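What you see is a predicted model; the values in this text were computed from it and never measured. Position 1 is the first residue of the sequence, and the numbers go up from there.
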Amino acid sequence: QVHLVESGGGLVQAGGSLRLSCAASGRTFSSYAMGWFRQAPGKEREFVAVITWSSGITAYPDSVKGRFTISRDNAKNVVYLQMNSLKPEDTAVYYCAASSTFAIIGQLSRMAQYDYWGQGTQVTVSS
């Protein structure tokens, strides 16, 4: 079992920045990759970023590429999502997730690839 807790959400003006954290505990050694997803009201949950624990390979969708950066601290079992140049359309609940199964990076954008999820943290970007 892997327990995930997100933090760092809040209210920010457009153009501002936030850094989200996801602290992992439990059987973290069994995790292969960590991802961030988000869900806006009335919309489906969507992929935001992923990083593999060992090699640090990352991937992003075009909607956040160049603005968001995912990183990890293996010693602390924490994954971060640095979000810059925020836009009102980035408003959503942000979730971190852990995948325990090896997969090519392209497959890690799919929710079904993840076994554990955090409770989410709200990010609101005002215009």
Side-chain angles (χ1 to χ4, degrees):
Q1 192 79 3
V2 177
H3 186 55
L4 305 174
V5 179
E6 302 98 332
S7 61
L11 174 64
V12 64
Q13 288 188 331
S17 298
L18 280 176
R19 189 177 80 157
L20 306 183
S21 300
C22 174
S25 60
R27 295 174 60 87
T28 56
F29 60 86
S30 67
S31 295
Y32 170 70
M34 296 291 292
W36 284 97
F37 290 76
R38 66 186 181 187
Q39 188 166 18
K43 295 188 177 181
E44 293 185 352
R45 195 170 296 188
E46 64 176 1
F47 168 69
V48 174
V50 63
I51 188 167
T52 58
W53 274 117
S54 58
S55 57
I57 298 173
T58 61
Y60 309 88
D62 289 342
S63 58
V64 306
K65 195 174 293 183
R67 299 189 298 123
F68 291 10
T69 303
I70 189 171
S71 60
R72 89 278 193 218
D73 185 329
N74 291 49
K76 296 180 179 179
N77 288 328
V78 177
V79 175
Y80 303 99
L81 184 68
Q82 178 66 43
M83 305 185 295
N84 299 327
S85 302
L86 282 162
K87 305 175 182 179
E89 50 263 44
D90 294 318
T91 295
V93 177
Y94 283 70
Y95 300 90
C96 71
S99 172
S100 58
T101 306
F102 172 81
I104 60 174
I105 198 69
Q107 294 175 322
L108 290 169
S109 63
R110 298 185 294 189
M111 289 177 53
Q113 191 64 38
Y114 294 84
D115 309 287
Y116 305 99
W117 292 82
Q119 83 289 349
T121 185
Q122 176 71 47
V123 171
T124 303
V125 184
S126 63
S127 57

Original post:
Can you check whether G9's main-chain N or O pairs, donor with acceptor, with T121's side chain at less than 3.5 Å?
Top reply: yes
Original post:
Can the ring centres of F37 and Y95 be said to be less than 6.0 Å apart?
Top reply: no
**OP:** To the nearest 0.5 angstrom, please state how far the OG atom of S17 sits from the CD atom of Q82.
**Re:** 5.5 Å
**OP:** Report the residue from V93, V123, D90 that forms a side chain to side chain contact (heavy atoms under 4.5 Å, CB included) with R38.
**Re:** D90
Original post:
For the residue pair A33 and V50, what are the closest heavy atoms and their distance?
Top reply: CB-CG2, 4.1 Å
Subject >> Neighbour count above 12 (heavy atom, 6.0 Å) for Q13 CD >> reply: no
Subject >> Spacing of SG belonging to C96 relative to OH belonging to Y116, to within rounding of 0.5 Å >> reply: 13.5 Å
**OP:** Would you confirm whether R72, through its side chain, and S54, through its main-chain N or O, come within 3.5 Å as a donor-acceptor pair?
**Re:** yes
Original post:
On the ring face of Y80, is R19 found with NZ or CZ under 6.0 Å from the centre and within 45° of the axis?
Top reply: yes
Original post:
Hey, mind stepping through Q113 and T101 against side chain to side chain contact (heavy atoms under 4.5 Å, CB included) and telling me if it holds?
Top reply: CA-CA 7 Å; Q113 191 64 38; T101 306; 3.7 Å; yes
Subject >> Any L4 side-chain heavy atom under 4.5 Å of M34 side chain >> reply: yes
Subject >> Stepwise side chain to side chain contact (heavy atoms under 4.5 Å, CB included) check, W36 with V79 >> reply: CA-CA 9 Å; W36 284 97; V79 175; 3.6 Å; yes
Subject >> Side-chain touch Q122/Y94, heavy atoms, less than 4.5 angstrom >> reply: no
**OP:** Check the pair Q39, E44 against side chain to side chain contact (heavy atoms under 4.5 Å, CB included), reporting the backbone distance first and the verdict last.
**Re:** CA-CA 6 Å; Q39 188 166 18; E44 293 185 352; 5.5 Å; no
Original post:
Looking only at heavy atoms, what is the nearest atom pair of L81 and A49, with distance?
Top reply: CD1-CB, 4.0 Å
**OP:** Evaluate side chain to side chain contact (heavy atoms under 4.5 Å, CB included) for L108 paired with S99, printing each intermediate quantity in order.
**Re:** CA-CA 8 Å; L108 290 169; S99 172; 3.9 Å; yes
Original post:
Where do L86 and V12 come nearest, in terms of heavy atoms and distance?
Top reply: CD1-CG1, 3.6 Å
**OP:** Indicate the ring-plane relationship of F102 and Y32, choosing parallel, tilted or perpendicular according to the 30° and 60° boundaries.
**Re:** perpendicular
Original post:
In terms of side-chain geometry, is the basic nitrogen of K65 or D62 positioned less than 4.0 Å from the acidic oxygen of its partner?
Top reply: yes
